[in-house]
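Read through the structure below, which is laid out as structure tokens, and then see the notes.
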Amino acid sequence: MCLAVPGRILSLQERNGTLMSIVDFGGVQKDVCLQYIPDAVVGDYVVVHVGFAIQRLDEESALRTLAEFEHLGVLKEEFGNGFAIAAAQAGLANPETAQESTGQESDEPEVGS
């Protein structure tokens, strides 16, 4: 599921003619494109969908939504380790934990076992 998640703009920069920012989503920071909201400033709260800020949001609404998402586990699902979440939902061991315990460092499967 793709969600639109509120976050607070921490910084602004132009990259190759595109207005970009670092946005904080309750402790998780991601790169976000601000082309749809070119007059956004550091400190604004924006709603982000698939890496694009699509609208501004007041601080009270943003914080309330983030708290509810956290309570429901939505932030962990949206920003957490996708492999670990999928493994847990399937009732399997976390593939990264299993890899660490076997001492494998490659993403490639072992051949000839």
Side-chain angles (χ1 to χ4, degrees):
M1 166 173 42
C2 275
L3 293 175
V5 180
R8 184 172 177 266
I9 297 174
L10 299 179
S11 67
L12 301 170
Q13 58 272 151
E14 188 173 317
R15 291 188 216 145
N16 299 320
T18 302
L19 182 60
M20 298 294 293
S21 65
I22 300 295
V23 175
D24 179 72
F25 302 93
V28 175
Q29 297 179 3
K30 298 283 186 179
D31 276 327
V32 171
C33 179
L34 291 177
Q35 284 299 110
Y36 296 136
I37 309 175
D39 58 341
V41 297
V42 171
D44 279 355
Y45 282 86
V46 291
V47 176
V48 178
H49 179 65
V50 294
F52 290 85
I54 56 174
Q55 75 179 61
R56 276 191 189 77
L57 188 62
D58 65 275
E59 182 177 15
E60 181 184 341
S61 297
L63 294 176
R64 188 173 54 240
T65 301
L66 282 169
E68 189 62 28
F69 281 4
E70 179 69 30
H71 173 74
L72 295 171
V74 172
L75 292 178
K76 183 181 278 188
E77 185 174 317
E78 189 72 14
F79 297 121
N81 181 325
F83 290 115
I85 292 168
Q89 290 173 343
L92 302 171
N94 178 344
E96 291 180 353
T97 305
Q99 181 180 6
E100 290 170 9
S101 66
T102 62
Q104 293 178 348
E105 293 185 22
S106 170
D107 288 339
E108 299 296 319
E110 283 190 37
V111 179
S113 352

Would you check, one step at a time, whether the test side chain to side chain contact (heavy atoms under 4.5 Å, CB included) holds for F52 with V46? CA-CA 9 Å; F52 290 85; V46 291; over 6 Å; no

Members besides M20 in its Ile/Leu/Val/Met/Phe/Trp/Tyr cluster (side-chain heavy atoms under 4.5 Å):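 Under the 4.5 Å side-chain rule, M20 groups with nothing.
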
Share the residues that join I22 in a hydrophobic cluster, the rule being Ile, Leu, Val, Met, Phe, Trp or Tyr side chains under 4.5 Å apart at the heavy-atom level.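 For the cluster that includes I22, the remaining residues are L10.
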
According to salt bridge (charged side-chain N to carboxylate O under 4.0 Å, His left out), does anything in residues 7-27 pair up with another residue at least two apart or in another chain? List the pairs.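 Non-adjacent pairs meeting salt bridge (charged side-chain N to carboxylate O under 4.0 Å, His left out): R15-D31.
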
Looking at side-chain heavy atoms only, is the closest gap between [X] and [Y] below 4.5 Å?
X   : Y   : value
I9  : V41 : no
Q35 : T18 : yes
F69 : V5  : yes

So, does S61 use its side chain to make a donor-acceptor pair with the main chain of L57 at under 3.5 Å?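 No: the side chain of S61 does not pair with the backbone of L57.
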
Taking all non-hydrogen atoms of both residues into account, name the closest pair between [X] and [Y] and its distance.
X   : Y   : answer
L66 : G26 : CD1-N, 4.1 Å
A4  : V47 : CB-CG1, 3.4 Å
A62 : P6  : O-CG, 3.8 Å
A40 : L12 : O-CD1, 3.7 Å
L19 : P38 : CD2-O, 3.5 Å

Using the side-chain hydrogen bond (donor to acceptor under 3.5 Å, both in side chains) rule, collect all pairs that involve residues 39-48, keeping only residues at least two apart or in two chains.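 Checked against side-chain hydrogen bond (donor to acceptor under 3.5 Å, both in side chains) - neighbours excluded - the pairs reaching residues 39-48 are D39-R56, D44-R56.
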
To the nearest 0.5 angstrom, please state how far the CD1 atom of I54 sits from the SG atom of C33.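 With rounding to 0.5 Å, CD1 (I54) is 12.5 Å from SG (C33).
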
Taking atom OG of S21 and atom NZ of K30, what is their separation to the nearest 0.5 Å?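 So the gap between those two atoms works out to 13.0 Å.
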
Charged N to carboxylate O below 4.0 Å: is that the case for E60 and R64?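 Between R64 and E60 there is a salt bridge, with a charged N closer than 4.0 Å to a carboxylate O.
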
